[in-house]
Amino acid sequence: MSHHSTTPAATSAGKKPRWTREQKLAAQKGKNAASTKNTTRRPEREPRSRRDDYDSSRSDSRPQRGDDRRSENRSYGERRDNRSYGERRDNRSYGDRPQRSDERRYDNRRDDNRSYGERRDNRSYGDRPKRSDERRYDNRRDDNRSYGERRDNRSYGERRDNRSYGERRDDNRRYDDRRDDNRSSYGERPQRRTFARPQQTTTTRATAARIQEPIDMSDNGFAALGLPEVLVERLARDGITQPFPIQQAAIPDALAGRDVLGRGRTGSGKTLAFGLPTLTRLMGSKARPHQPRAIVLVPTRELAMQVSDALQPLVHVAGLHHKLVAGGMPYEPQLSALARGVDLLIATPGRLSDLIARGAADLSAVQIAILDEADHMAEMGFLEAITEILDLVPEGGQRLLFSATLDRGIDTVVDRYLTDPVTHSTDDGTASVTTMEHHALLIEPRDKKVVTAEVANRSGRTVVFVRTKLGADRVATELREQGIVAAALHGGLNQGQRNKVLSAFKDGRIPVLVATDVAARGIHVDDVSLVLQIDPPADHKDYLHRAGRTARAGEAGTVVTLALPHQRKGVQRLLDEAGVGIQLTKARPGDDIIAAAGGSRPSGDFVSQSTLEDLLTPPGQRDRGHRGGPRGYRGGPRRPGQGRGDYRGDRRGGRSERGYSRAGRD
DNA sequence: AAAAAAT
């Protein structure tokens, strides 16, 4: 069996390394993947494929393909060069702060002060010795460099050389040392390892400039896990020195090449749990054009941006390249990055499939495939897209599936794509609820709007979850009418608006976010102290994920769930299944229980549209005209046949009777 | 049943 566990060799040139059906079945025989117990290991299994395996498996790739793409790509780039200048900067800035909707296509990034400024700095400092206080900017250098590369595909090879030169400049010796360390860490290396302090043995002038203070590498839990020093050091610079439980548990097996099912409570650091071993295993090799070596699939664009941002500095110090590929963003940067070669691709399914269909992405060299929020990705609606993508990934590679709520729902995916997985469940799926304060309020439909406002009217950031996009728009408007600064976030907004709203919320300009489940999973915003569910979640897992937007990384948080009489039974069941252990409590506007949850009666001072638009516009972009004008944020899509600003018209005056969304219906 | 995910 262990023979089957290794990467299938590319036995003959030109043939894809595929297992036969028989081999696959044989390898799967006798396994019950999802039933593996917590932190179960299978000692009989040989450590799986190493970097060398991957290298050999890639010897069969077709070089002419890259050439074809290159020429395609060049013409693409030329055609678009003029106006997509702003776009080409880099997708990263999407996560930061976009702006006016009418300019979002091309000017978004440019108006993003921070990332723009950083990037400019980067470029201009690119050839200079770096100052230590520019450490953060260094992380962006990959993107900057690629900016230049993008313009000229012919000198692809040359730039590759340049790039590795640039990497080496960071620290030549350390980089090489690291490779040795990595190699030994794949399997035969003992668990514990002490890294030399960088300033003692391995510091060059370049690194000396980059390291502001000596990084204490002793007693570093990440080093003990066998991760390369460059990564450990980079984490330590951000004060991350001790792994969270899920990281502690999953990283060693992931480093060893095992397929891993990882479950850790919300906000427990799952991104690093799969990101660190993935980058480690990718280090030392380069991606060929159009052939990413690892992919991370995520359910929403925002989450894709977050994962990309979180891994960015680590990708950089690893000497690798990553790219965010998702819908709603310009194609050209994604196409050119792929043409250049991307080691780690972070993608939402739709755009990735699109790029594959265009021939821009080829998954035949993918060694590691990762599903974030795996149980969600295995649900109807995503499953088809996911299988389509995973079917293109060579069998025998590594698979990492992570979620706070990994359950049997992923069995089909596990059975089909995973080999001898090890399960690391550091927390029961419901563990996170214990760190939160929960309230479930049974209310009358006519009170819903007021209770919502009272609970949401508080100091601190609040996420209000609703069931529908329309509901999100409506509730946000109603909150503003009652004097609460709220904005809606849902998939019906264009990407520019989505970014704008989310960054305004992250910056604290908008204290209340009214969101659909687009924001239910994975999205991290600091200091969200209250999650208010005014429409019940679809199931207990959604309860956990929504609730998990608060109380992250050990912080406190409050979760308030509203239920109408007809929802009483269902909500109580959800609470039980989620392990919350509370009962519904009747509540009316002004009740003590609302005050106990931090809420208070809102001022009633109408928050105008222009005020909202002001707040949604990043500082530094304001007072440039348009304010309050016909452009900009309008609260999202309108119902057919309905004009802007009149969306109370079709409610027959019965809105408050019926409450929000499905309220009042059976 | 809705939302998400390509244009």
Side-chain angles (χ1 to χ4, degrees), chain A residues 76 80 84 87 91 94 104-105 295-307 324-335 338 345-361 371-390 392 403 405 409 463-475 488-499 501-502 513-523 533-539 541-543 545-546 549 566-567 570 574 636-637 639 660-666:
Chain A
Y76 209 111
R80 294 206 157 195
S84 60
E87 284 181 285
N91 55 315
Y94 266 111
R104 66 191 175 277
R105 288 293 293 175
I295 57 173
V296 182
L297 297 174
V298 296
T300 67
R301 298 168 185 176
E302 281 75 14
L303 191 49
M305 295 178 214
Q306 181 178 298
V307 170
L324 166 62
V325 152
M329 303 170 196
Y331 277 89
E332 199 278 337
Q334 299 175 8
L335 292 169
L338 284 163
L345 199 62
I346 297 148
T348 49
R351 179 60 70 89
L352 179 54
S353 292
D354 186 354
L355 293 172
I356 292 168
R358 290 169 181 244
L371 294 186
D372 197 6
E373 306 297 343
D375 58 320
H376 187 42
M377 304 292 265
E379 286 171 6
M380 291 290 295
F382 269 124
L383 186 58
E384 194 182 355
I386 292 309
T387 52
E388 181 190 325
I389 290 169
L390 291 182
L392 297 172
S403 180
T405 52
V463 180
V464 178
F465 280 106
V466 298
R467 193 180 58 97
T468 67
K469 294 183 263 200
L470 226 46
D473 287 332
R474 185 181 64 244
V475 171
L489 179 72
H490 57 72
L493 305 177
N494 64 50
Q495 196 56 45
Q497 289 169 330
R498 284 168 70 160
N499 294 334
V501 169
L502 189 57
L513 185 70
V514 185
T516 61
D517 280 332
V518 69
R521 285 179 176 251
I523 301 302
Q533 309 188 74
I534 66 174
D535 291 329
D539 60 30
K541 295 202 297 180
D542 284 347
Y543 184 103
H545 285 282
R546 285 173 163 192
R549 297 320 97 205
H566 74 283
Q567 299 167 328
L574 287 176
R639 272 174 276 197
Y660 302 122
S661 300
R662 293 182 70 196
R665 265 195 238 161
D666 295 318

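All values below were derived from every heavy atom in this structure, side-chain atoms included, with hydrogens, water molecules and symmetry-related copies excluded. A note on names: the letters A, B, ... follow the listed sequences, proteins ahead of strands, and every chain is numbered from 1. Keep in mind it's a predicted model, so treat the numbers as computed, not measured.
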Practice task
State whether the side chain of A:R358 and the backbone N or O of A:L335 hold a donor-acceptor pair below 3.5 Å, judged by distance alone.
Solution key: no
When rounded to whole Å, the NZ to C1' distance for the pair A:K469 and B:dA4 reads 8 Å
Between CG of A:L371 and P of B:dA4 the distance, given in whole Å, is 20 Å
Separation of B:dA3 atom P from A:L489 atom CG, nearest Å, is 13 Å
Q | Phosphate OP1/OP2 of B:dA6: any A:T348 side-chain N/O under 4.0 Å | A | yes
Out of B:dA6, B:dA2, B:dA5, minimum distance to the side chain of A:T300 belongs to B:dA5
Between CG of A:L335 and C1' of B:dA6 the distance, given in whole Å, is 13 Å
Taken to the nearest whole Å, CE/A:M377 to P/B:dA5 is 10 Å
* Asked: Reckon A:R301 has a side-chain N or O less than 4.0 Å from the OP1 or OP2 of B:dA6?
  -> yes
Between CD of A:Q567 and C1' of B:dA2 the distance, given in whole Å, is 14 Å
Taken to the nearest whole Å, CZ/A:R467 to P/B:dA2 is 6 Å
Quick one: does A:L502's side chain get under 4.5 Å of A:Q306's, heavy atoms only? no
Contact class for A:G381 (heavy atom, under 4.0 Å): base, sugar-phosphate, or nothing?
base
Atom CG of A:L493 and atom C1' of B:dA5 are separated, to the nearest Å, by 15 Å
Please report, to 0.1 Å, the donor-acceptor pairs under 3.5 Å made by any side chain of residues 295-303 of chain A, with sequence neighbours excluded.
{"unit_1": "A:T300", "atom_1": "OG1", "unit_2": "A:L303", "atom_2": "N", "d": "3.2"}
{"unit_1": "A:R301", "atom_1": "NE", "unit_2": "A:G327", "atom_2": "O", "d": "3.1"}
{"unit_1": "A:R301", "atom_1": "NH1", "unit_2": "A:Q495", "atom_2": "OE1", "d": "2.7"}
{"unit_1": "A:E302", "atom_1": "OE1", "unit_2": "A:R498", "atom_2": "NH2", "d": "2.6"}
{"unit_1": "A:E302", "atom_1": "OE2", "unit_2": "A:R498", "atom_2": "NE", "d": "2.7"}
{"unit_1": "A:E302", "atom_1": "OE2", "unit_2": "A:R498", "atom_2": "NH2", "d": "3.4"}

Sorted by chain and number, sequence neighbours left out, ring-ring contact (aromatic ring centres under 6.0 Å, His included) with A:F465 holds for none
